[in-house]
Amino acid sequence: MHLTGEEEAMLAGEQGLATQKAMQILVALGKIYDAERLIAVSSVQVSGVSYKNLGDAGLEFLSELARDGKARVKTTLNPAGMSLTDWKAQGIESKFAEKQLQVIDAYGRLGVEISCTCTPYLAGNEPIFGQHVAWGESSAVAYANSVIGARTNREGGPSALAASLTGRTPLYGLHLSENRVPTIAVDVEVQLRSSEDYSVMGYFVGRTVKDGIPYFRGAGLATLENLKSLSAALASSGGIAMFHVEGRTPESGPGPGKVETLAFAEKELQETYSLLNDEGAPDFVSVGCPHLSLTELAILANLLSGRRVKREFWVCCSREVKRQGDEAGYSRLIEKSGAKFALDTCMVVAPVEQLGYKVVATNSAKACHYLRNAGLKVRFMPLEQCVTEATGRG
Amino acid sequence: MMLKGRAIFEGKAEGLALVSSSPMSFYGGVNPETGEVVERGSELAGASVKGRVLVFPYGKGSTVGSYVLYRLAKNGAAPCAIVNAKCETIVAVGAIISEIPCVDMVDVSGIKTGTRVRVDGATVEF
(Lines give C-alpha, C1' and ligand atoms only; values in the text may rest on other atoms or scores of the structure.)
Protein backbone atom coordinates (compact mmCIF):
# COMPACT_ATOMS: atom_id res chain seq x y z
CA MET A 1 0.00 0.00 0.00
CA HIS A 2 1.26 3.46 -0.86
CA LEU A 3 1.71 5.84 2.08
CA THR A 4 2.46 9.56 1.87
CA GLY A 5 5.42 11.02 3.74
CA GLU A 6 3.17 12.22 6.53
CA GLU A 7 1.50 8.82 6.82
CA GLU A 8 4.93 7.14 7.01
CA ALA A 9 5.85 9.54 9.80
CA MET A 10 2.67 8.65 11.69
CA LEU A 11 3.48 4.95 11.30
CA ALA A 12 7.02 5.50 12.53
CA GLY A 13 5.69 7.04 15.74
CA GLU A 14 6.82 10.59 15.00
CA GLN A 15 3.37 11.93 15.91
CA GLY A 16 2.91 10.01 19.14
CA LEU A 17 2.01 6.52 20.27
CA ALA A 18 -1.76 6.76 19.75
CA THR A 19 -1.33 8.00 16.18
CA GLN A 20 1.17 5.22 15.54
CA LYS A 21 -1.19 2.55 16.88
CA ALA A 22 -4.01 4.03 14.80
CA MET A 23 -1.86 4.01 11.68
CA GLN A 24 -0.83 0.38 12.32
CA ILE A 25 -4.51 -0.58 12.40
CA LEU A 26 -5.28 1.25 9.15
CA VAL A 27 -2.24 -0.16 7.34
CA ALA A 28 -3.13 -3.71 8.42
CA LEU A 29 -6.71 -3.27 7.24
CA GLY A 30 -5.44 -1.78 3.99
CA LYS A 31 -3.26 -4.86 3.49
CA ILE A 32 -6.05 -7.29 4.27
CA TYR A 33 -8.48 -5.64 1.88
CA ASP A 34 -5.92 -4.77 -0.83
CA ALA A 35 -6.31 -1.00 -0.54
CA GLU A 36 -3.86 0.86 -2.75
CA ARG A 37 -3.72 3.86 -0.42
CA LEU A 38 -5.38 5.76 2.40
CA ILE A 39 -7.94 8.51 1.80
CA ALA A 40 -9.00 11.48 3.91
CA VAL A 41 -12.30 11.19 5.79
CA SER A 42 -14.50 14.15 6.65
CA SER A 43 -16.11 12.68 9.74
CA VAL A 44 -16.08 9.71 12.08
CA GLN A 45 -18.77 8.07 14.19
CA VAL A 46 -17.27 5.93 16.95
CA SER A 47 -19.03 2.83 18.24
CA GLY A 48 -17.94 0.86 21.29
CA VAL A 49 -19.09 3.20 24.06
CA SER A 50 -21.25 1.17 26.44
CA TYR A 51 -19.22 -0.23 29.31
CA LYS A 52 -21.49 -3.27 29.02
CA ASN A 53 -19.71 -4.16 25.75
CA LEU A 54 -16.27 -2.63 26.33
CA GLY A 55 -15.47 -4.03 29.74
CA ASP A 56 -12.29 -3.11 31.56
CA ALA A 57 -10.12 -4.07 28.59
CA GLY A 58 -11.84 -1.58 26.30
CA LEU A 59 -11.64 1.12 28.97
CA GLU A 60 -7.94 0.48 29.44
CA PHE A 61 -7.30 0.65 25.69
CA LEU A 62 -9.13 3.97 25.37
CA SER A 63 -7.33 5.43 28.38
CA GLU A 64 -3.98 4.47 26.86
CA LEU A 65 -4.86 6.10 23.53
CA ALA A 66 -6.08 9.22 25.34
CA ARG A 67 -2.57 9.86 26.75
CA ASP A 68 -1.47 11.47 23.49
CA GLY A 69 -4.18 10.84 20.89
CA LYS A 70 -6.47 13.55 19.45
CA ALA A 71 -9.29 13.45 16.92
CA ARG A 72 -8.26 15.12 13.64
CA VAL A 73 -11.73 15.31 12.08
CA LYS A 74 -15.25 15.83 13.39
CA THR A 75 -15.90 12.76 15.53
CA THR A 76 -19.17 11.88 17.21
CA LEU A 77 -20.02 9.11 19.63
CA ASN A 78 -22.47 6.23 19.87
CA PRO A 79 -24.86 5.86 22.81
CA ALA A 80 -23.49 4.90 26.22
CA GLY A 81 -24.86 2.31 28.64
CA MET A 82 -26.81 4.91 30.62
CA SER A 83 -27.88 8.55 30.73
CA LEU A 84 -24.77 10.52 31.64
CA THR A 85 -26.78 12.74 33.97
CA ASP A 86 -29.82 10.75 35.13
CA TRP A 87 -28.36 7.26 35.54
CA LYS A 88 -29.49 6.96 39.15
CA ALA A 89 -33.12 7.44 38.19
CA GLN A 90 -32.65 4.77 35.52
CA GLY A 91 -31.69 2.30 38.23
CA ILE A 92 -28.07 1.94 37.10
CA GLU A 93 -25.63 0.73 39.76
CA SER A 94 -22.94 3.18 40.79
CA LYS A 95 -20.16 0.68 40.02
CA PHE A 96 -21.29 0.49 36.37
CA ALA A 97 -21.84 4.25 36.23
CA GLU A 98 -18.35 4.99 37.50
CA LYS A 99 -16.76 2.84 34.76
CA GLN A 100 -19.08 4.24 32.09
CA LEU A 101 -18.14 7.80 33.05
CA GLN A 102 -14.45 6.85 32.81
CA VAL A 103 -15.06 5.64 29.25
CA ILE A 104 -16.77 8.92 28.38
CA ASP A 105 -13.96 10.86 30.01
CA ALA A 106 -11.38 9.04 27.87
CA TYR A 107 -13.34 9.86 24.71
CA GLY A 108 -13.55 13.47 25.82
CA ARG A 109 -9.77 13.64 26.22
CA LEU A 110 -9.47 12.15 22.72
CA GLY A 111 -11.41 15.13 21.38
CA VAL A 112 -14.53 13.15 20.54
CA GLU A 113 -17.86 15.01 20.82
CA ILE A 114 -19.92 13.39 23.56
CA SER A 115 -23.01 13.23 21.33
CA CYS A 116 -23.99 9.71 22.46
CA THR A 117 -26.40 8.98 19.66
CA CYS A 118 -26.77 6.35 16.95
CA THR A 119 -28.34 8.99 14.67
CA PRO A 120 -25.44 11.42 14.20
CA TYR A 121 -27.10 12.55 10.96
CA LEU A 122 -29.91 14.07 13.07
CA ALA A 123 -27.50 15.68 15.52
CA GLY A 124 -24.96 17.71 13.61
CA ASN A 125 -22.78 15.09 11.94
CA GLU A 126 -24.30 15.20 8.46
CA PRO A 127 -22.04 14.15 5.60
CA ILE A 128 -22.95 15.19 2.08
CA PHE A 129 -23.33 13.04 -1.03
CA GLY A 130 -20.10 11.38 -2.13
CA GLN A 131 -18.08 12.27 0.96
CA HIS A 132 -15.80 9.64 2.46
CA VAL A 133 -16.40 9.02 6.16
CA ALA A 134 -15.49 6.27 8.63
CA TRP A 135 -18.48 5.34 10.71
CA GLY A 136 -19.16 2.63 13.23
CA GLU A 137 -22.73 1.90 14.37
CA SER A 138 -24.22 -0.40 11.79
CA SER A 139 -27.57 1.42 11.43
CA ALA A 140 -25.85 4.77 10.83
CA VAL A 141 -23.48 3.13 8.35
CA ALA A 142 -26.39 1.77 6.30
CA TYR A 143 -28.16 5.14 6.50
CA ALA A 144 -25.08 7.16 5.49
CA ASN A 145 -24.28 4.95 2.50
CA SER A 146 -27.82 4.42 1.30
CA VAL A 147 -29.87 7.50 2.13
CA ILE A 148 -27.17 10.21 2.12
CA GLY A 149 -24.85 8.67 -0.47
CA ALA A 150 -21.78 9.22 1.71
CA ARG A 151 -19.22 6.43 1.60
CA THR A 152 -18.20 4.32 4.54
CA ASN A 153 -17.30 0.75 5.37
CA ARG A 154 -18.80 -0.85 8.43
CA GLU A 155 -16.17 0.11 10.98
CA GLY A 156 -15.65 -1.45 14.38
CA GLY A 157 -14.85 0.68 17.42
CA PRO A 158 -11.03 0.62 17.12
CA SER A 159 -10.93 1.09 13.33
CA ALA A 160 -13.28 4.09 13.50
CA LEU A 161 -11.17 5.60 16.25
CA ALA A 162 -8.04 4.94 14.20
CA ALA A 163 -9.62 6.93 11.35
CA SER A 164 -10.39 9.76 13.74
CA LEU A 165 -6.85 9.94 15.17
CA THR A 166 -5.28 10.05 11.70
CA GLY A 167 -8.07 11.60 9.60
CA ARG A 168 -7.76 8.69 7.17
CA THR A 169 -9.16 5.32 6.18
CA PRO A 170 -8.00 2.66 3.70
CA LEU A 171 -9.54 2.94 0.23
CA TYR A 172 -11.51 -0.30 -0.25
CA GLY A 173 -15.02 -1.73 -0.06
CA LEU A 174 -17.85 0.79 -0.11
CA HIS A 175 -15.49 3.71 -0.73
CA LEU A 176 -15.23 2.43 -4.33
CA SER A 177 -18.09 2.97 -6.79
CA GLU A 178 -17.87 -0.55 -8.23
CA ASN A 179 -18.70 -2.05 -4.83
CA ARG A 180 -21.87 0.03 -4.37
CA VAL A 181 -24.03 -1.66 -7.00
CA PRO A 182 -27.00 -3.88 -6.12
CA THR A 183 -26.38 -7.59 -5.59
CA ILE A 184 -30.00 -8.64 -5.08
CA ALA A 185 -33.40 -7.16 -5.98
CA VAL A 186 -36.23 -7.25 -3.45
CA ASP A 187 -39.73 -7.01 -4.90
CA VAL A 188 -41.97 -5.41 -2.33
CA GLU A 189 -45.41 -6.90 -3.01
CA VAL A 190 -47.20 -5.55 0.02
CA GLN A 191 -48.12 -2.01 0.96
CA LEU A 192 -45.78 -0.79 3.69
CA ARG A 193 -47.83 1.34 6.09
CA SER A 194 -45.46 2.30 8.84
CA SER A 195 -41.84 2.46 9.96
CA GLU A 196 -42.52 -0.82 11.77
CA ASP A 197 -43.35 -2.44 8.42
CA TYR A 198 -40.00 -1.20 7.06
CA SER A 199 -38.29 -2.49 10.16
CA VAL A 200 -39.87 -5.93 9.68
CA MET A 201 -38.94 -5.96 5.99
CA GLY A 202 -35.34 -5.08 6.88
CA TYR A 203 -35.22 -7.84 9.44
CA PHE A 204 -36.52 -10.37 6.92
CA VAL A 205 -34.11 -9.32 4.16
CA GLY A 206 -31.07 -9.13 6.46
CA ARG A 207 -31.84 -12.57 7.80
CA THR A 208 -32.40 -14.04 4.35
CA VAL A 209 -29.54 -12.55 2.33
CA LYS A 210 -26.99 -12.00 5.18
CA ASP A 211 -24.87 -9.49 3.27
CA GLY A 212 -24.65 -7.76 -0.09
CA ILE A 213 -26.56 -4.73 -1.36
CA PRO A 214 -30.33 -5.13 -1.72
CA TYR A 215 -32.30 -3.05 -4.23
CA PHE A 216 -35.90 -2.51 -3.11
CA ARG A 217 -38.51 -2.22 -5.85
CA GLY A 218 -42.01 -1.03 -5.07
CA ALA A 219 -41.27 0.24 -1.58
CA GLY A 220 -42.85 3.61 -2.32
CA LEU A 221 -41.68 7.02 -1.20
CA ALA A 222 -40.20 6.08 2.13
CA THR A 223 -39.82 8.81 4.77
CA LEU A 224 -36.62 9.54 6.67
CA GLU A 225 -38.07 7.60 9.60
CA ASN A 226 -38.99 4.62 7.39
CA LEU A 227 -35.44 4.48 6.03
CA LYS A 228 -33.91 4.88 9.48
CA SER A 229 -35.86 1.82 10.66
CA LEU A 230 -35.02 -0.13 7.52
CA SER A 231 -31.30 0.65 7.91
CA ALA A 232 -31.20 -0.56 11.49
CA ALA A 233 -33.05 -3.80 10.84
CA LEU A 234 -31.03 -4.77 7.74
CA ALA A 235 -27.82 -4.27 9.68
CA SER A 236 -28.89 -6.26 12.74
CA SER A 237 -30.20 -9.53 11.31
CA GLY A 238 -27.59 -9.38 8.56
CA GLY A 239 -24.32 -7.60 7.85
CA ILE A 240 -25.81 -5.22 5.31
CA ALA A 241 -24.06 -1.85 5.06
CA MET A 242 -25.87 -0.40 2.04
CA PHE A 243 -29.14 -0.69 0.12
CA HIS A 244 -31.05 1.12 -2.60
CA VAL A 245 -34.72 2.09 -2.78
CA GLU A 246 -36.04 2.61 -6.30
CA GLY A 247 -36.85 6.25 -6.97
CA ARG A 248 -35.89 7.29 -3.46
CA THR A 249 -32.21 6.80 -2.56
CA PRO A 250 -29.58 8.81 -4.45
CA GLU A 251 -27.65 5.95 -6.05
CA SER A 252 -30.64 3.78 -7.00
CA GLY A 253 -30.06 4.82 -10.62
CA PRO A 254 -31.66 2.96 -13.50
CA GLY A 255 -32.32 -0.31 -11.67
CA PRO A 256 -30.71 -3.34 -10.13
CA GLY A 257 -29.41 -4.92 -13.33
CA LYS A 258 -29.28 -8.68 -13.70
CA VAL A 259 -29.32 -9.97 -10.16
CA GLU A 260 -31.21 -12.56 -8.14
CA THR A 261 -34.61 -11.52 -6.83
CA LEU A 262 -36.40 -12.02 -3.55
CA ALA A 263 -40.08 -11.33 -2.83
CA PHE A 264 -41.42 -9.60 0.25
CA ALA A 265 -45.20 -10.02 0.38
CA GLU A 266 -47.98 -10.19 2.98
CA LYS A 267 -46.87 -13.71 4.00
CA GLU A 268 -43.28 -12.66 4.76
CA LEU A 269 -44.53 -9.54 6.57
CA GLN A 270 -46.84 -11.54 8.84
CA GLU A 271 -44.33 -14.31 9.46
CA THR A 272 -41.62 -11.86 10.45
CA TYR A 273 -43.99 -9.99 12.80
CA SER A 274 -44.69 -13.35 14.52
CA LEU A 275 -41.03 -14.21 14.64
CA LEU A 276 -40.37 -11.01 16.62
CA ASN A 277 -42.94 -11.79 19.31
CA ASP A 278 -42.28 -13.95 22.37
CA GLU A 279 -44.84 -14.98 24.98
CA GLY A 280 -45.46 -12.83 28.02
CA ALA A 281 -46.82 -9.47 29.11
CA PRO A 282 -44.36 -6.58 28.74
CA ASP A 283 -43.05 -4.97 31.94
CA PHE A 284 -40.84 -2.49 30.08
CA VAL A 285 -41.67 -0.40 27.02
CA SER A 286 -39.16 1.49 24.91
CA VAL A 287 -39.12 3.33 21.62
CA GLY A 288 -36.24 5.06 19.85
CA CYS A 289 -34.04 2.38 18.28
CA PRO A 290 -32.57 4.06 16.30
CA HIS A 291 -32.94 7.29 18.30
CA LEU A 292 -36.15 9.16 17.51
CA SER A 293 -36.39 12.03 15.05
CA LEU A 294 -38.26 15.25 15.82
CA THR A 295 -41.18 14.02 13.70
CA GLU A 296 -41.39 10.86 15.79
CA LEU A 297 -41.30 12.91 18.99
CA ALA A 298 -44.26 14.91 17.65
CA ILE A 299 -46.25 11.72 16.94
CA LEU A 300 -45.41 10.32 20.35
CA ALA A 301 -46.35 13.56 22.12
CA ASN A 302 -49.69 13.45 20.39
CA LEU A 303 -50.31 9.83 21.39
CA LEU A 304 -49.31 10.41 25.01
CA SER A 305 -51.12 13.69 25.43
CA GLY A 306 -53.58 13.47 28.34
CA ARG A 307 -52.57 9.90 29.25
CA ARG A 308 -50.55 8.42 32.12
CA VAL A 309 -48.04 5.62 31.72
CA LYS A 310 -48.30 2.72 34.15
CA ARG A 311 -45.15 0.87 33.13
CA GLU A 312 -41.53 1.91 32.75
CA PHE A 313 -41.46 3.68 29.37
CA TRP A 314 -38.16 4.83 27.86
CA VAL A 315 -38.15 7.37 25.04
CA CYS A 316 -34.69 7.24 23.47
CA CYS A 317 -33.30 10.11 21.45
CA SER A 318 -30.25 12.35 21.16
CA ARG A 319 -29.84 15.44 23.32
CA GLU A 320 -30.02 17.51 20.13
CA VAL A 321 -33.43 16.14 19.08
CA LYS A 322 -34.67 16.42 22.68
CA ARG A 323 -33.64 20.11 22.64
CA GLN A 324 -35.66 20.63 19.47
CA GLY A 325 -38.55 18.78 21.13
CA ASP A 326 -38.30 21.10 24.13
CA GLU A 327 -38.66 24.14 21.88
CA ALA A 328 -41.58 22.65 19.99
CA GLY A 329 -43.37 21.70 23.22
CA TYR A 330 -43.33 17.94 22.54
CA SER A 331 -40.99 17.03 25.40
CA ARG A 332 -43.30 18.54 28.00
CA LEU A 333 -46.28 16.48 26.78
CA ILE A 334 -44.20 13.31 26.81
CA GLU A 335 -42.79 13.89 30.29
CA LYS A 336 -46.18 14.89 31.69
CA SER A 337 -47.42 11.37 30.89
CA GLY A 338 -44.74 9.88 33.11
CA ALA A 339 -42.71 8.53 30.19
CA LYS A 340 -38.96 8.99 30.71
CA PHE A 341 -36.54 10.40 28.20
CA ALA A 342 -33.52 8.09 27.97
CA LEU A 343 -30.85 10.40 26.58
CA ASP A 344 -27.28 9.34 25.71
CA THR A 345 -28.41 5.69 25.75
CA CYS A 346 -31.07 3.22 24.62
CA MET A 347 -32.66 -0.09 25.53
CA VAL A 348 -30.04 -2.01 23.55
CA VAL A 349 -26.83 -0.69 25.12
CA ALA A 350 -28.11 -0.04 28.65
CA PRO A 351 -27.96 -3.11 30.93
CA VAL A 352 -31.77 -3.49 30.87
CA GLU A 353 -31.52 -7.19 31.74
CA GLN A 354 -29.85 -6.22 35.03
CA LEU A 355 -32.60 -3.76 35.94
CA GLY A 356 -35.03 -6.56 36.70
CA TYR A 357 -37.20 -6.40 33.57
CA LYS A 358 -38.20 -9.57 31.72
CA VAL A 359 -40.34 -8.70 28.70
CA VAL A 360 -39.71 -5.63 26.55
CA ALA A 361 -42.24 -4.09 24.19
CA THR A 362 -40.69 -2.06 21.38
CA ASN A 363 -41.30 -0.99 17.79
CA SER A 364 -37.75 -1.85 16.64
CA ALA A 365 -36.76 -5.17 15.09
CA LYS A 366 -33.13 -4.31 15.77
CA ALA A 367 -33.84 -3.84 19.47
CA CYS A 368 -35.69 -7.18 19.54
CA HIS A 369 -32.67 -8.87 18.00
CA TYR A 370 -30.17 -7.60 20.57
CA LEU A 371 -32.46 -7.76 23.60
CA ARG A 372 -33.05 -11.43 22.89
CA ASN A 373 -29.29 -11.99 22.76
CA ALA A 374 -29.15 -10.41 26.22
CA GLY A 375 -31.67 -12.99 27.47
CA LEU A 376 -34.84 -10.86 27.50
CA LYS A 377 -38.19 -11.67 25.95
CA VAL A 378 -39.48 -9.26 23.33
CA ARG A 379 -42.78 -8.06 21.93
CA PHE A 380 -42.59 -6.21 18.63
CA MET A 381 -45.47 -3.84 17.95
CA PRO A 382 -46.31 -0.53 16.26
CA LEU A 383 -45.67 2.73 18.11
CA GLU A 384 -49.38 3.27 18.89
CA GLN A 385 -49.54 -0.14 20.51
CA CYS A 386 -46.36 0.51 22.49
CA VAL A 387 -48.12 3.55 23.94
CA THR A 388 -51.17 1.41 24.77
CA GLU A 389 -48.92 -1.15 26.49
CA ALA A 390 -47.33 1.61 28.54
CA THR A 391 -50.51 3.42 29.50
CA GLY A 392 -52.55 0.33 30.33
CA ARG A 393 -54.15 -2.50 28.40
CA GLY A 394 -57.91 -2.78 28.02
CA MET B 1 8.97 -26.51 6.87
CA MET B 2 9.20 -22.77 6.28
CA LEU B 3 6.20 -20.84 4.96
CA LYS B 4 6.17 -17.24 3.86
CA GLY B 5 2.97 -15.32 4.55
CA ARG B 6 1.95 -11.74 5.18
CA ALA B 7 2.72 -10.00 8.47
CA ILE B 8 -0.35 -8.40 10.03
CA PHE B 9 1.57 -7.51 13.18
CA GLU B 10 5.29 -8.15 13.01
CA GLY B 11 7.06 -9.92 15.81
CA LYS B 12 8.89 -13.04 16.91
CA ALA B 13 7.36 -15.86 18.92
CA GLU B 14 7.72 -19.58 19.42
CA GLY B 15 5.34 -22.06 20.98
CA LEU B 16 3.20 -25.13 20.58
CA ALA B 17 0.41 -24.86 18.05
CA LEU B 18 -3.26 -24.95 19.02
CA VAL B 19 -5.21 -25.53 15.83
CA SER B 20 -8.88 -24.91 15.09
CA SER B 21 -10.12 -25.99 11.67
CA SER B 22 -13.15 -23.70 11.98
CA PRO B 23 -13.38 -19.89 12.35
CA MET B 24 -13.02 -18.53 15.88
CA SER B 25 -15.10 -16.03 17.80
CA PHE B 26 -13.31 -14.32 20.67
CA TYR B 27 -16.25 -12.34 22.08
CA GLY B 28 -18.16 -14.98 24.02
CA GLY B 29 -15.86 -17.67 22.64
CA VAL B 30 -12.75 -17.28 24.79
CA ASN B 31 -12.64 -16.47 28.50
CA PRO B 32 -10.72 -13.16 28.66
CA GLU B 33 -9.35 -13.88 32.15
CA THR B 34 -7.99 -17.39 31.61
CA GLY B 35 -7.69 -17.94 27.87
CA GLU B 36 -9.97 -20.96 27.99
CA VAL B 37 -12.01 -21.62 24.85
CA VAL B 38 -15.65 -21.62 25.96
CA GLU B 39 -17.47 -21.51 22.63
CA ARG B 40 -20.04 -24.29 22.53
CA GLY B 41 -19.38 -26.79 19.78
CA SER B 42 -15.83 -25.60 19.19
CA GLU B 43 -13.29 -28.38 18.72
CA LEU B 44 -11.03 -26.41 21.08
CA ALA B 45 -13.62 -26.15 23.88
CA GLY B 46 -11.84 -26.53 27.21
CA ALA B 47 -8.35 -25.89 25.78
CA SER B 48 -6.43 -22.73 26.66
CA VAL B 49 -4.99 -20.33 24.09
CA LYS B 50 -2.49 -18.99 26.67
CA GLY B 51 1.07 -19.03 25.34
CA ARG B 52 0.14 -21.08 22.27
CA VAL B 53 0.60 -20.32 18.59
CA LEU B 54 -3.09 -20.12 17.76
CA VAL B 55 -3.85 -21.36 14.26
CA PHE B 56 -7.30 -20.96 12.68
CA PRO B 57 -8.75 -20.02 9.29
CA TYR B 58 -10.19 -16.59 10.23
CA GLY B 59 -12.11 -14.74 12.92
CA LYS B 60 -15.88 -14.31 13.18
CA GLY B 61 -18.47 -12.74 15.45
CA SER B 62 -18.68 -9.38 17.20
CA THR B 63 -16.08 -6.66 16.63
CA VAL B 64 -15.82 -6.50 20.43
CA GLY B 65 -13.64 -9.61 19.93
CA SER B 66 -10.68 -7.28 19.30
CA TYR B 67 -10.97 -6.07 22.89
CA VAL B 68 -11.09 -9.66 24.15
CA LEU B 69 -7.64 -10.26 22.63
CA TYR B 70 -6.44 -7.08 24.30
CA ARG B 71 -7.83 -8.22 27.63
CA LEU B 72 -6.16 -11.65 27.24
CA ALA B 73 -2.84 -9.92 26.64
CA LYS B 74 -3.27 -7.71 29.72
CA ASN B 75 -4.06 -10.83 31.78
CA GLY B 76 -1.07 -12.75 30.46
CA ALA B 77 -3.43 -15.28 28.87
CA ALA B 78 -3.03 -14.38 25.20
CA PRO B 79 -1.67 -16.66 22.50
CA CYS B 80 2.02 -15.95 21.81
CA ALA B 81 1.24 -15.67 18.08
CA ILE B 82 -1.67 -16.00 15.67
CA VAL B 83 -1.53 -17.70 12.28
CA ASN B 84 -4.53 -17.37 9.97
CA ALA B 85 -5.39 -18.54 6.50
CA LYS B 86 -7.04 -15.14 5.90
CA CYS B 87 -7.05 -12.53 8.63
CA GLU B 88 -10.09 -10.26 8.97
CA THR B 89 -10.77 -7.02 10.83
CA ILE B 90 -11.55 -8.38 14.29
CA VAL B 91 -8.40 -10.48 14.67
CA ALA B 92 -6.15 -7.98 12.86
CA VAL B 93 -7.22 -5.08 15.08
CA GLY B 94 -7.03 -7.30 18.17
CA ALA B 95 -3.51 -8.47 17.34
CA ILE B 96 -2.29 -4.94 16.68
CA ILE B 97 -3.68 -3.32 19.81
CA SER B 98 -2.48 -6.29 21.90
CA GLU B 99 0.89 -6.52 20.11
CA ILE B 100 0.52 -10.23 19.35
CA PRO B 101 2.61 -11.32 16.33
CA CYS B 102 0.14 -12.24 13.58
CA VAL B 103 0.71 -13.75 10.13
CA ASP B 104 -1.79 -14.70 7.48
CA MET B 105 -1.92 -15.97 3.88
CA VAL B 106 -0.19 -19.21 4.79
CA ASP B 107 -1.35 -22.76 4.17
CA VAL B 108 -2.17 -23.80 7.71
CA SER B 109 -3.23 -27.35 6.79
CA GLY B 110 0.18 -28.83 7.63
CA ILE B 111 0.17 -27.55 11.21
CA LYS B 112 -1.23 -29.87 13.89
CA THR B 113 -2.02 -29.12 17.52
CA GLY B 114 1.13 -29.67 19.57
CA THR B 115 3.54 -28.93 16.70
CA ARG B 116 6.30 -26.51 17.68
CA VAL B 117 5.91 -23.39 15.56
CA ARG B 118 8.12 -20.33 15.19
CA VAL B 119 6.76 -17.04 13.87
CA ASP B 120 9.11 -14.31 12.72
CA GLY B 121 7.73 -11.36 10.77
CA ALA B 122 6.03 -12.88 7.77
CA THR B 123 7.49 -16.37 8.11
CA VAL B 124 6.08 -19.39 9.88
CA GLU B 125 8.43 -22.29 10.57
CA PHE B 126 7.46 -25.70 11.95
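Note on naming: letters A, B, ... go to the chains in the order of the sequence lines (proteins, then strands), and numbering restarts at 1 for each one. Atoms considered below: every heavy atom in the structure, side chains included; atoms not considered: hydrogens, waters and symmetry mates.
- Heavy-atom proximity under 4.5 angstrom to chain A picks out B:K86, B:C87, B:E88, B:T89, B:A92, B:V93, B:I96, B:I97, B:E99 from residues 84-106 of chain B.
- Every pair passing salt bridge (charged side-chain N to carboxylate O under 4.0 Å, His left out) that includes a residue from residues 161-174 of chain A is listed here, sequence neighbours excluded: A:E6-A:R168, A:E7-A:R168.
- Identified by a heavy-atom distance below 4.5 Å to chain A, the contributing residues of residues 8-24 of chain B are B:I8, B:F9, in residue-number order.
- The shortest distance between side-chain heavy atoms of A:Y203 and A:C368 does not fall below 4.5 Å.
- Taking a cutoff of 4.0 Å between a charged side-chain nitrogen and a carboxylate oxygen, A:K52 and A:E353 qualify as a salt bridge.
- Highest contact tally toward chain B, considering only A:S47, A:G156, A:P158, is held by A:P158 [criterion: heavy-atom pairs under 4.5 Å].
- Chain A forms the most heavy-atom pairs under 4.5 Å with one residue out of B:S66, B:A7, B:P32, and that residue is B:A7.
- Distance alone, capped at 3.5 Å, is enough to place a donor-acceptor pair between the B:R6 side chain and the A:K31 backbone.
- Under the 4.0 Å criterion applied to side-chain N and carboxylate O atoms, B:E33 and B:K74 are not assigned as salt-bridge partners.
- Between A:F61 and B:Y70, the ring planes lie perpendicular to each other; the angle is over 60°, past the 30° to 60° tilted range.
- For A:E155, no part sits under 4.5 Å from any heavy atom of chain B, backbone or side chain.
- Residues B:V53 and B:C80 are in side-chain contact: their nearest non-hydrogen atoms beyond the backbone lie under 4.5 Å apart.
- In this structure, A:L29 CG and A:T169 OG1 are separated by 7.5 Å, a value rounded to the nearest 0.5 Å.
- One N or O on the side chain of A:T183 and one on the backbone of A:I213 form a donor-acceptor pair closer than 3.5 Å.
- Under a 4.0 Å N-O distance rule, the pair A:D56/A:K99 qualifies as a salt bridge.
- Heavy-atom neighbours of chain B within the stretch residues 10-28 of chain A, taken at a separation under 4.5 angstrom, comprise A:K21, A:Q24, A:I25, A:A28.
- In this structure, A:L54 and A:V49 have side chains that are not in contact, with every pair of non-hydrogen atoms separated by 4.5 Å or more.
- When A:T152, A:T76, A:N125 are each tested for a side chain to side chain donor-acceptor pair (under 3.5 Å) with A:Q45, only one passes: A:T76.
- No donor-acceptor pair closer than 3.5 Å links the side chain of A:E137 to the backbone N or O of A:C118.
- Distance check, rounded to the nearest 0.5 Å: CG of A:D34 to CE of A:M1 gives 10.5 Å.
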